[in-house]
Amino acid sequence: MTTHKPLSAGWPLAFLEQMRAQLGSDFTEFESALVQPTPVSIRMNPRKMAGVATHQYGSAYNINDLAQVPWCPETSPVRAFYLPERPSFTLDPLFQAGAYYVQEASSMLLYEALRQTVNLNRPMRVLDLCAAPGGKSTLLASVLHPDSLLICNEVIRSRVSVLRENLDKWGYPNVVVSHHDPEDMNNLTGFFDVVVVDAPCSGEGLFRKDPDAMQEWSEDSVQLCSARQKRILAAAAPLLDKGGVLIYSTCTYNDTENNENVRYLVNSGFRNRPLILPAEWNVVEKQAGDLETGDAVGYQCYPHRVRGEGFFISVFQKTGFTAPVKLDARTFRTIRALRTREAASAAKWLQNPADFSLWEKPNGDVMALPKALEKTFLFLDSALKSKGFGLEMGQFKGTDFIPSHALALSTAINQNLPGLALSKEDALRYFKKENLVFDEPVKGWLLAQYEGLNLGWVKGVGTRVNNYLPKDWRIRMDIKEYI
Ligand code: SAM
């Protein structure tokens with residue numbers, strides 16, 4: 001007699017039992033979904049996506065024919081689509097140019113949570129506390145008022161560079177990348193209007209996408225995650241101004257990590273903010289009976305109900321008061337205003353120089369800080385360990401200005417700088433950091449471009465064009481068969 005092997009054979013038994021208890025009669029469908037392929041979805045960069053509208057990924061499909069992620073529709077600033085399969089994004093110059101971000105669809109629900117609970121039409125101070133690799137940060141940058149400040153923080157040092165790279169690609173100048181332990185940010189008390197805590201978790205919702213996460217899972221590790229999440233939330237709470245919004249999300253189904261921390265916040269000076277989600281989205285409202293709110297306290301995506309992975313999100317408003325930090329309390333400053341002549345020269349690289357003030361770091365990096373945020377940036381200069389601050393434009397070497405890669409990818413760059421339109425093959429050679437050769441001689445700094453989007457800098461020397469792609473950005477895969 002052959003015995004029936006469950007679809008999810010090899011998955012942690014205690015996890016499956018927990019899900020059976022959580023889902024009841026839905027469990028069989030959930031279990032079937034676990035062995036289905038992970039949906040692939042991309043979210044457009046609203047300031048760069050013009051060139052993407054008719055883009056073909058290889059020969060396979062046209063973006064206009066793709067299904068939309070329901071909570072990121074055509075009319076929203078965060079249009080997002082499902083792809084029928086996973087292409088090699090590395091080989092798409094538009095991906096390298098920051099035209100879109102590859103993000104799991106459920107986690108884009110963050111947009112709906114923001115839309116329903118904060119006024120996105122006014123400038124705000126926003127902290128993405130657990131930010132790497134930058135999925136939520138790029139979404140936040142896309143939807144916030146342009147005069148908002150967005151601090152993207154990551155505690156694990158080795159993850160800061162990928163965060164920075166993704167934000168450089170996204171190209172928004174109102175962003176700071178920082179590297180702090182959440183418990184080490186208490187000089188920013190009462191500072192923020194919104195704090196997003198997309199917490200490290202047991203990753204149950206990502207098991208099918210990332211089977212390795214399963215190996216780390218145990219009931220003990222869930223307890224450890226829950227305690228760590230509580231510590232992060234306890235550190236996040238004082239950073240919010242009274243009335244500020246805290247968004248807590250995880251990619252787990254686990255009540256110990258989700259509902260238990262909802263309870264913690266509700267008992268620590270926060271009120272839960274229910275969301276109204278269309279029934280056809282199939283997102284499950286989670287209750288915490290003992291809280292007697294009568295409303296759902298959080299929202300859970302399950303892979304058998306939505307086209308996405310497991311994701312939990314819950315929104316809170318701070319009712320307690322924390323005395324806000326005074327912006328002018330600090331006089332210490334590491335950066336200095338750029339000298340007039342250099343400022344005039346650097347300003348030529350910006351589309352709207354009047355919107356920025358220009359500063360210089362001790363290492364010579366020239367920074368463009370949005371004027372609307374100048375006072376805030378100057379305060380943050382001493383309050384944060386930053387790894388990226390406004391738009392870092394480049395450096396003067398004598399009287400020459402050497403533009404940075406971040407400037408090439410920035411949405412603030414002067415649109416009239418000379419460019420060099422590349423074929424897809426040459427664009428890939430550019431990302432391989434090869435020097436390009438052309439029939440006609442080219443001279444000086446040029447923007448390497450593909451389908452109208454900037455990829456980075458080249459400098460023409462006769463018919464040879466030197467490639468200024470930072471070496472860490474070089475694509476490593478073998479591209480011979482594609483060029
Ligand atoms: N928000 C990111 C995104 O959308 O791309 C994903 C964040 S991931 C779920 C959680 C992040 O928390 C990781 O980058 C991890 O390094 C960071 N982290 C780990 N331990 C932490 C801690 N004790 N405090 C704060 N963040 C932590």
Side-chain angles (χ1 to χ4, degrees), residues 41-43 45 69 71-72 78 80 89 98 100-114 126-144 150-170 175 177-186 188 194-207 209-210 212-213 216-217 221-239 246-254 257-258 261 301 308-314 384-385 387:
S41 42
I42 58 172
R43 179 170 44 72
N45 184 338
V69 174
W71 33 93
C72 294
V78 282
F89 292 110
Y100 61 89
Y101 191 92
V102 184
Q103 187 175 35
E104 188 286 299
S106 303
S107 57
M108 300 180 198
L109 262 184
L110 171 62
Y111 169 59
E112 187 61 21
L114 288 162
V126 179
L127 172 64
D128 185 2
L129 189 55
C130 312
K136 309 290 180 307
S137 297
T138 53
L139 188 150
L140 287 162
S142 307
V143 302
L144 295 176
L150 173 61
I151 300 183
C152 308
N153 181 70
E154 171 56 44
V155 66
I156 307 230
R157 182 183 293 276
S158 58
R159 291 170 62 84
V160 176
S161 46
V162 68
L163 174 64
R164 172 108 197 250
E165 183 174 322
N166 283 331
L167 288 164
D168 280 352
K169 271 189 196 166
W170 212 244
V175 173
V177 176
S178 68
H179 169 49
H180 281 264
D181 189 304
E183 290 171 6
D184 179 29
M185 295 187 90
N186 48 15
L188 293 179
V194 177
V195 175
V196 175
V197 177
D198 186 36
C201 70
S202 59
E204 293 174 358
L206 299 180
F207 282 177
K209 189 173 164 213
D210 175 15
D212 288 349
E216 316 245 312
W217 188 93
S221 80
V222 166
Q223 294 296 339
L224 288 174
C225 286
S226 176
R228 180 167 57 185
Q229 288 147 357
K230 203 164 287 153
R231 278 200 308 277
I232 297 173
L233 290 170
L239 305 181
L246 190 155
I247 300 186
Y248 176 60
S249 59
T250 67
C251 15
T252 189
Y253 313 106
N254 207 296
E257 298 174 73
N258 297 338
N261 284 317
C301 295
E309 301 306 283
F311 180 68
F312 173 86
I313 190 160
S314 182
L384 271 185
K385 280 188 267 176
K387 296 287 172 191

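Counting starts at 1 for both ligands and their atoms, following the listed order.
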Measure the distance from atom 22 (C) of ligand 1 to every protein heavy atom, then report the residue, atom name and distance (to 0.1 Å) of the closest one.
-> Ile232 CD1, 3.6 Å
When you check the gap from the basic side-chain N to the acidic O, do Asp198 and Lys136 get nearer than 4.0 Å?
-> yes
Side chain, backbone, both or neither: which part of Gln103 has a heavy atom under 4.0 Å from ligand 1?
-> neither
Could you tell me whether a side-chain N or O of Trp170 sits under 3.5 Å from a main-chain N or O of Thr138, the two making a donor and an acceptor?
-> yes
Specify the protein heavy atom at minimum distance from atom 12 (O) of ligand 1: its residue, its atom name, and the distance to 0.1 Å.
-> Cys130 CB, 3.3 Å
Show which atoms of ligand 1 fall inside a sub-4.0 Å distance from at least one heavy-atom site of Pro200.
-> 10 (C), 12 (O), 18 (N), 19 (C), 20 (N), 21 (C), 27 (C)
Among all protein non-hydrogen atoms, which one is nearest to atom 10 (C) of ligand 1, and what is the separation to 0.1 Å?
-> Asp198 O, 3.4 Å
Distance-only, no hydrogens or angles: does the Thr252 side chain make a donor-acceptor pair with backbone N or O of Asn254 under 3.5 Å?
-> yes
Any idea which of Ala132, Gly135, Ser107 brings a heavy atom closest to atom 2 (C) of ligand 1?
-> Ala132
Do the side chain of Ser41 and the main chain of Gln103 share a donor and acceptor less than 3.5 angstrom apart?
-> yes
What atoms in ligand 1 come closer than 4.0 Å to a heavy atom of Ile156?
-> 16 (O)
Report the nearest protein non-hydrogen atom to atom 21 (C) of ligand 1: residue, atom name, distance rounded to 0.1 Å.
-> Val155 CG1, 3.5 Å
Please work out whether any backbone atom (N, CA, C, O) or any side-chain heavy atom from C-beta onward of Cys251 is under 4.0 Å from ligand 1, and answer side chain, backbone, both or neither.
-> neither
Measuring from Leu163:CG to Cys130:SG, what's the distance to the nearest 0.5 Å?
-> 11.5 Å
Lys385 NZ to Met185 CE distance, which is reported to the nearest 0.5 Å = 10.0 Å
Please report the closest heavy-atom contact between Cys301 and Glu309, naming both atoms and the distance.
-> CB-O, 3.6 Å
Is Leu129 close to ligand 1, meaning an N/O of one under 3.5 Å from an N/O of the other?
-> no
Counting only N and O atoms by type, is there a donor-acceptor contact under 3.5 Å from the side chain of Ser221 to the main-chain atoms of Trp217?
-> no
Among Glu154, Lys136, Glu104, the residue with a heavy atom nearest to atom 16 (O) of ligand 1 is Glu154
Among protein heavy atoms, which sits nearest to atom 23 (N) of ligand 1, and what does the distance come to when rounded to 0.1 Å?
-> Arg228 CD, 3.7 Å
Which of the numbered atoms in ligand 1 are below 4.0 angstrom from a heavy atom of Pro182?
-> 24 (N), 25 (C)
Side chains of Thr250 and Asn258: do they bring a donor and an acceptor to under 3.5 Å?
-> yes
Within reach of ligand 1, part of Cys201 (heavy-atom separation under 4.0 Å) = neither
